[in-house]
Asks: 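Mind having a look at this structure? Questions to follow.
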Protein chains: 2
Amino acid sequence: MTAATSPASPDARTGHPTEAGVGARSRRGDGDRTRQTILDAADRLLMESASEDAVSIRAVADAVGLTAPTIYRHFTDKSHLLFEVCAVHFDRFDREVIAPVAERVEDPIEALREMAHAYVRFGLEDPEHYRIMFMGHADHTPEQYDDHQILSTGCFGTVVAVVERAVETGRLRRIDGGPLMTAYVLWSALHGIVATKVAKPNMPGPAPTALVEAVIDANLHGLAL
Amino acid sequence: MTAATSPASPDARTGHPTEAGVGARSRRGDGDRTRQTILDAADRLLMESASEDAVSIRAVADAVGLTAPTIYRHFTDKSHLLFEVCAVHFDRFDREVIAPVAERVEDPIEALREMAHAYVRFGLEDPEHYRIMFMGHADHTPEQYDDHQILSTGCFGTVVAVVERAVETGRLRRIDGGPLMTAYVLWSALHGIVATKVAKPNMPGPAPTALVEAVIDANLHGLAL
DNA sequence: GTGTTGTAGTTAACAGCGTTACGGGAACGA
DNA sequence: TCGTTCCCGTAACGCTGTTAACTACAACAC
């Protein structure tokens, strides 16, 4: 990568951190910088390999020029590392995509439609992140991501708020279970679309974009005659 | 289990196969019986442990009183073994649950409603089977389950037929993409419900049954006012 | 009865995994 | 200068899926 030093070479004590590597032993307070370097490397590995299996502790360690046990000084667990990597993506998605739509788009229906497309686009962009966050075994999930946390991470609250606005302005029916249930209904369908495409990218079927349109239309206007 | 021999003991050459074990070396043509024994053991392990990780090749081999490499004489791969285990469940579900509903229930709408509930019930009954079949990495999927096969396994064809009947009898709208698209819309929502509950059983939210009702109602009558 | 063949099984081993125990050295405060 | 603290490496454990090489034995032909 860089010309200065061969990055992440096993025995290179060449001095300063390389692009992705750590290089010489970090200073006393530089643990956090190393931690961030590890996060970045894991993120990159996860995106490039598109498989959680390829992101082994040893692979991450190699990528940053450390040894495997050192990772455990910065992260308690492999699942903690991976979830933190994914949480960054989900947080940014909520902050930079969903929240702006909620503010920008006046019409709640149109806002929901835009969010739906953005959500599916986001899920399919880095499928492995989506898989780890929403499709992984609960036993492999760190405690802090259990239950409510994983929902708030997934921009669910923003959607509920928009649904509430739509119900209050008379754009959506009020169903049993309230706006929360409505949000779950919509989210389930979108999650189904993403989860299918993430798990089986080559499965035949309609293009996600067309399916999202159909799902929204069906949920809004109904399929029955 | 049985009183005759200690099942699956490492060195027991005591004679006849035990309940789950193979026991004495099988005859020339008895390879298929051993194969089935392995399938049953893997199925049982998968249901009891509720985790694919617990179903290691060695664990299966131990359960039937064989050594790990022997498994490879009957199955080319771990994924092939697991998928065959799951395919049995899905086939039976289609044959014994979905198909009878399609025949028994005259009203296509009511049939779809019953199928939807049955589908979710089935998925949550043995979650690990559902996870392996529909939520696993495509790279871990044996070739013969790729693409169309996995769809026909999942009772999709039966649903499409019912939707077609509903459209032709004027019970459902004809949407862009035809009955196939309608089936995908409905299936996506159901898959979303099951996939969420399979991955995160403790996640807060409405009970699956209530959610299924809400999803069906929304898709039939629409949420918009 | 005596090979021969093919099947079903074994043992040993490889490469990789997540993870832990332990030790050493550099950087800091005193 | 001493002692503490933080960062990291080496070695190792027990597990995984999988392969190679070999053995035991039932079934067949002669």
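Below, chains carry the letters A, B, ... as their sequence lines are ordered, and counting in each starts from 1. Source: prediction; values computed, not measured.
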Asks: In this structure, how many angstroms lie between the P atom of dC8(D) and the CZ atom of Arg35(A), rounded?
Replies: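 Atom-to-atom, Arg35(A) to dC8(D), this comes out as 13 Å.
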Asks: Check whether the side chains of Tyr130(A) and His191(A) place a donor and an acceptor atom closer than 3.5 Å, and report yes or no.
Replies: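 The criterion, which ignores hydrogens and geometry beyond distance, is satisfied for His191(A) and Tyr130(A).
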Asks: Given dC8(D), is OP1 or OP2 found less than 4.0 Å from the side-chain N or O atoms of Thr34(A)?
Replies: yes
Asks: Are any protein N/O atoms closer than 3.5 Å to N/O atoms in nucleotides 17-19 of chain C? If there are, list each pair with its distance.
Replies:
from, atom 1, to, atom 2, distance (Å)
dC17(C), OP1, Ser56(A), OG, 2.9
dG18(C), OP1, Ile57(A), N, 3.3
dG18(C), OP1, Lys78(A), NZ, 2.9
dG18(C), OP2, Ile57(A), N, 2.9
dG18(C), N7, Arg58(A), NH1, 2.6
dG18(C), O6, Arg58(A), NH2, 3.0
dT19(C), OP1, Asp77(A), OD2, 3.3
dT19(C), OP2, Tyr72(A), OH, 2.7
dT19(C), OP2, Lys78(A), N, 3.1
dT19(C), O5', Tyr72(A), OH, 3.2

Asks: Take atom CZ of Arg33(B) and atom P of dA8(C), then tell me their distance rounded to the nearest Å.
Replies: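 Roughly 12 Å, once rounded to whole Å.
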Asks: Separation of Asp62(B) atom CG from dG17(D) atom P, in whole Å?
Replies: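 It works out to 12 Å between those atoms.
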Asks: How long is the line joining CD1 of Ile71(B) and P of dT11(C), in whole Å?
Replies: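 For the pair Ile71(B) CD1 and dT11(C) P, the rounded distance is 14 Å.
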Asks: If I take atom NE2 in residue His80(B) and atom C1' in nucleotide dG17(D), what distance separates them, rounded to the nearest angstrom?
Replies: 15 Å
Asks: For Asp43(A) and His89(A), does a side-chain donor sit closer than 3.5 Å to a side-chain acceptor?
Replies: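 Checked: Asp43(A)/His89(A) side chains pair up, N/O donor to acceptor below 3.5 Å.
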Asks: Does a nitrogen or oxygen in the side chain of Thr67(A) sit under 4.0 Å from OP1 or OP2 of dG9(D)?
Replies: yes
Asks: In chain order, what residues pass the side-chain contact (heavy atoms from CB on, under 4.5 Å) check against Phe75(A), with sequence neighbours excluded?
Replies: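 Result, side-chain contact (heavy atoms from CB on, under 4.5 Å) vs Phe75(A): Arg35(A), Ile38(A), Leu39(A), Ile71(A), Leu81(A), Glu84(A).
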Asks: Tell me: NE2 of His74(A) to C1' of dG9(D), nearest whole Å?
Replies: 13 Å
Asks: Which heavy atom of Glu114(B) sits nearest to which heavy atom of Arg104(B), and what is that distance?
Replies: OE1-NH2, 3.3 Å
Asks: Of all residues at least two apart in sequence or in a different chain, which pass the side-chain contact (heavy atoms from CB on, under 4.5 Å) check with Ala199(B)?
Replies: Met135(B)
Asks: How long is the line joining CZ of Arg73(A) and C1' of dT20(C), in whole Å?
Replies: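 Arg73(A) atom CZ is separated from dT20(C) atom C1' by 11 Å.
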